[in-house]
Amino acid sequence: MHSGLQRLARTAALAVAAAAVAAAPAVAQNASAPALAVGAGGTAHMAWIQAASDGSYVQERRRAPAGALTPKQWISLSETMAEAPRIGSDTAGNAIIAWTEYVPATNSTTGILTRRRAADGSLGPVQRVRPATGVRHKFDMAVNGAGDAVYAWTLATGTNSSVVQYRRRSKSGTMSATRTVSPTTGRVEAPRVTIDSSGTAVVAWVHTSPDGSNATVQARSVTATGGVGALQTIAASAATSSPYIADARDTYDVATAPDGRTAFAWKQPAGSGSNVNSRVRAADGTLSAAQPLTSSGSAFDPIVAIAPTGKVMYAWTTDKGTDPTVNARGRSPEGTLGATFTVEDGYQLSGLDVALDPKENAVFLSYSDRSGTGDFRLRVRRRTPTGVLSPSQDVSTPQAGVPTSGKLGVDANGYAVMMWEQYIDDGTSQSGRRVFARRQTPTGELSDIQTVSR
């Protein structure tokens, strides 16, 4: 356990938003909740939650393009439970990490905290993004190449009512004022935030009436100088897991290119099921017409990526009972939709992520039990701009537990890094969940699996 002096130092430091890691916590246990950001040069910035006998903490390390791992660093240090890490990086190799801290004794959060890890490994102070509240809410963070970070979160304002708030951290560490960007009536869920190279952010969320009905996907932009754009309805009707949304991708996804073009995909109600619809927001705020991506009424889990050229790739899962498929289709920068194609099919299959490199090569990450015997595998597959699909490859190997929380990042040259968590039973007291990573070259060669956590 930490000494009383360390506790006192932590409390004082957080009060002035300047805490520093003082020592490693007690014996490490399960690792979970991987977060990944891959820089243009191929360096992978990785964060996760490391459980210990005295709490849970954010850890971080980097993977060089050639595979070398830096030492693990303790990013948070407190008597609370760190949760939900996010990580982003700039073009200079600096990373920004954010997380929430939960106090089990009072069932409340201590707010959202953030910290910068410089390219040389030095850690900046812990800064408080959002004050403590009595309710645990979702948040999101995005970082651009210049090192500007933006944060968005929900804040309860009453029974069945909440708002989305927003804040910015400049590359020098200055925190802007907190602003409310959503309507102040009704309930909001699933906040997402993206940022372009100029520092303009797009904040999105799902807005519902107090009883969870009449769900819409809304968004608005916030410039680097604080200018707030008009409120825009992206989807007038969205299928949600009402009344509460566990994750944004249960309903919608969003991605922004460096030039500000932003692509959306969402679940559109269709009878007893749902389709996936899409649209693109230009940098000046102009919205394209909504484009249906599916028509079967059995599509869900929309995922979207956008390349610097404006090429968009959409992916989703199509329900076919115990033999679903992950399908995808592209959209040209001019707005033409390509044909739908199958990425994967298999028993209890689901899509996890998609990424596009600057040359419009797509990488897909999914998982399935292809044999129907409980042998779940993460799988990666590529597609060229001309439509050539590579063979599917197993990313994970058979272990005692199902690989979950898969993350995918692609660098400017098309190298992909995959990160996930999985239970390992090695017959010792150290059995438990660990975080792993693996790299794939543009031509499909896979590196060895690396254990990222303990």
Side-chain angles (χ1 to χ4, degrees), residues 28-38 44-51 56-61 63 81-87 99-100 102 136 138 140 190 241 245-251 253 300-303 315-317 319 322 324-326 343-355 363-381 392-409 416-426 430-440 446 449-454:
Q29 297 171 341
N30 290 327
S32 62
L36 173 67
V38 178
H45 306 261
M46 302 177 287
W48 65 95
I49 295 297
Q50 180 65 63
S56 63
Y57 303 83
V58 179
Q59 277 197 305
E60 187 268 0
R61 74 191 311 180
R63 183 193 188 279
M81 307 286 286
E83 297 183 323
R86 302 285 190 273
I87 191 166
W99 67 95
T100 62
Y102 169 61
R136 301 165 77 179
K138 297 289 185 180
D140 198 19
S241 51
I245 300 170
D247 184 82
R249 284 187 175 177
D250 289 346
T251 302
D253 195 22
F300 56 96
D301 287 350
I303 309 170
W316 63 90
T317 303
D319 188 3
T322 59
T325 61
V326 171
V343 178
E344 291 285 353
D345 56 15
Y347 187 76
Q348 296 186 4
L349 181 143
S350 179
L352 286 173
D353 216 346
V354 60
V363 184
F364 302 90
L365 183 66
S366 59
Y367 80 94
S368 71
D369 175 9
R370 295 181 65 84
S371 64
T373 61
D375 180 16
F376 281 88
R377 307 283 184 93
L378 282 174
R379 297 177 64 79
V380 65
R381 193 171 197 183
S392 294
Q393 294 178 286
D394 287 343
V395 175
S396 62
T397 57
Q399 301 286 0
V402 175
T404 61
S405 304
K407 305 297 180 185
L408 171 68
V417 176
M418 292 74 65
M419 190 178 177
W420 70 96
E421 65 174 271
Q422 193 166 5
Y423 183 82
I424 301 298
D425 186 354
D426 57 12
Q430 291 299 300
S431 295
R433 299 200 71 80
R434 299 175 189 171
V435 172
F436 302 90
R438 197 171 196 180
R439 189 179 192 234
Q440 186 199 47
L446 286 168
I449 295 175
Q450 294 175 297
T451 302
V452 175
S453 62
R454 65 177 178 88

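All of these numbers come straight from a predicted model, not from anything done at the bench.
Closest of all the heavy-atom pairs between Asp253 and Pro302 is CB-O, 3.5 Å. Closest approach of Gln440 and Leu446 over heavy atoms only: CB-CD2, 3.6 Å. Considering all non-hydrogen atoms of both residues, Ala35 and Met419 come closest at O-SD, 3.5 Å. Taking every heavy atom of both residues into account, Ala416 and Val363 meet most closely at CB-CG1, 4.2 Å. Contact between Trp48 and Pro34 at its shortest, heavy atoms only, is CB-CA, 4.2 Å. The two atoms that bring Trp420 and Gly406 nearest to each other are CB-CA, 4.1 Å, heavy atoms only.
Looking at Asp353 and Lys407, no side-chain N of the basic residue comes within less than 4.0 Å of a carboxylate O on the acidic one, giving no salt bridge. Taking the charged nitrogens against the carboxylate oxygens, Glu344 and Arg381 have no contact shorter than 4.0 Å, which rules out a salt bridge.
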Q: Evaluate the side-chain contact (heavy atoms from CB on, under 4.5 Å) criterion for residues Thr317 and Thr325: first the C-alpha distance (whole Å), next the side-chain angles of each, then the deciding distance (0.1 Å), finally the verdict.
A: CA-CA 6 Å; Thr317 303; Thr325 61; over 6 Å; no
**Q.** Test log, rule side-chain contact (heavy atoms from CB on, under 4.5 Å), inputs Phe436 and Gln422
**A.** CA-CA 8 Å; Phe436 302 90; Gln422 193 166 5; 4.0 Å; yes
Q.
Could you go through Arg63 and Gln450, starting from their C-alpha distance and side-chain angles, then the distance that decides it, and tell me whether this counts as side-chain hydrogen bond (donor to acceptor under 3.5 Å, both in side chains)?
A. CA-CA 10 Å; Arg63 183 193 188 279; Gln450 294 175 297; 2.6 Å; yes
**Q.** Candidate pair Val354 and Leu365, rule side-chain contact (heavy atoms from CB on, under 4.5 Å), full reasoning
**A.** CA-CA 6 Å; Val354 60; Leu365 183 66; over 6 Å; no
Q. After noting the C-alpha distance and the side-chain angles of Glu60 and Ile87, does the key distance pass the side-chain contact (heavy atoms from CB on, under 4.5 Å) rule?
A. CA-CA 9 Å; Glu60 187 268 0; Ile87 191 166; 4.0 Å; yes
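The distance from the CG atom of Asp301 to the OG atom of Ser366 is 12.0 Å, given to the nearest 0.5 Å. To the nearest 0.5 angstrom, Glu83 atom CD is 4.5 Å from Thr100 atom OG1. Residue Leu352 holds its CG atom at 13.0 Å from CZ of Phe364, rounded to the nearest 0.5 Å.
The side chain to side chain contact (heavy atoms under 4.5 Å, CB included) check on Ser32 picks up Ile49, Glu421, with sequence neighbours excluded. Looking at residues two or more places apart in sequence or on another chain, you find no side-chain hydrogen bond (donor to acceptor under 3.5 Å, both in side chains) involving Arg438. Scored by the side chain to side chain contact (heavy atoms under 4.5 Å, CB included) test, Ala437 finds Met46, Val452 as partners (sequence neighbours excluded). In this structure Ala355 satisfies the side chain to side chain contact (heavy atoms under 4.5 Å, CB included) test together with Leu408, Val410, sequence neighbours excluded.
In this structure the side chain of Ile449 reaches within 4.5 angstrom of the side chain of Thr397, judged on heavy atoms. Residues Gln50 and Arg454 have side chains in contact (heavy-atom distance under 4.5 Å, counting atoms from C-beta outward). Val326 has its side chain out of reach of Trp316: every pair of non-hydrogen atoms, C-beta onward, lies at least 4.5 Å apart.
The backbone N or O of Val435 lies less than 3.5 Å from a partner atom in the side chain of Ser453, making a donor-acceptor pair.
There is a side-chain donor-acceptor pair under 3.5 Å between Thr404 and Arg433.
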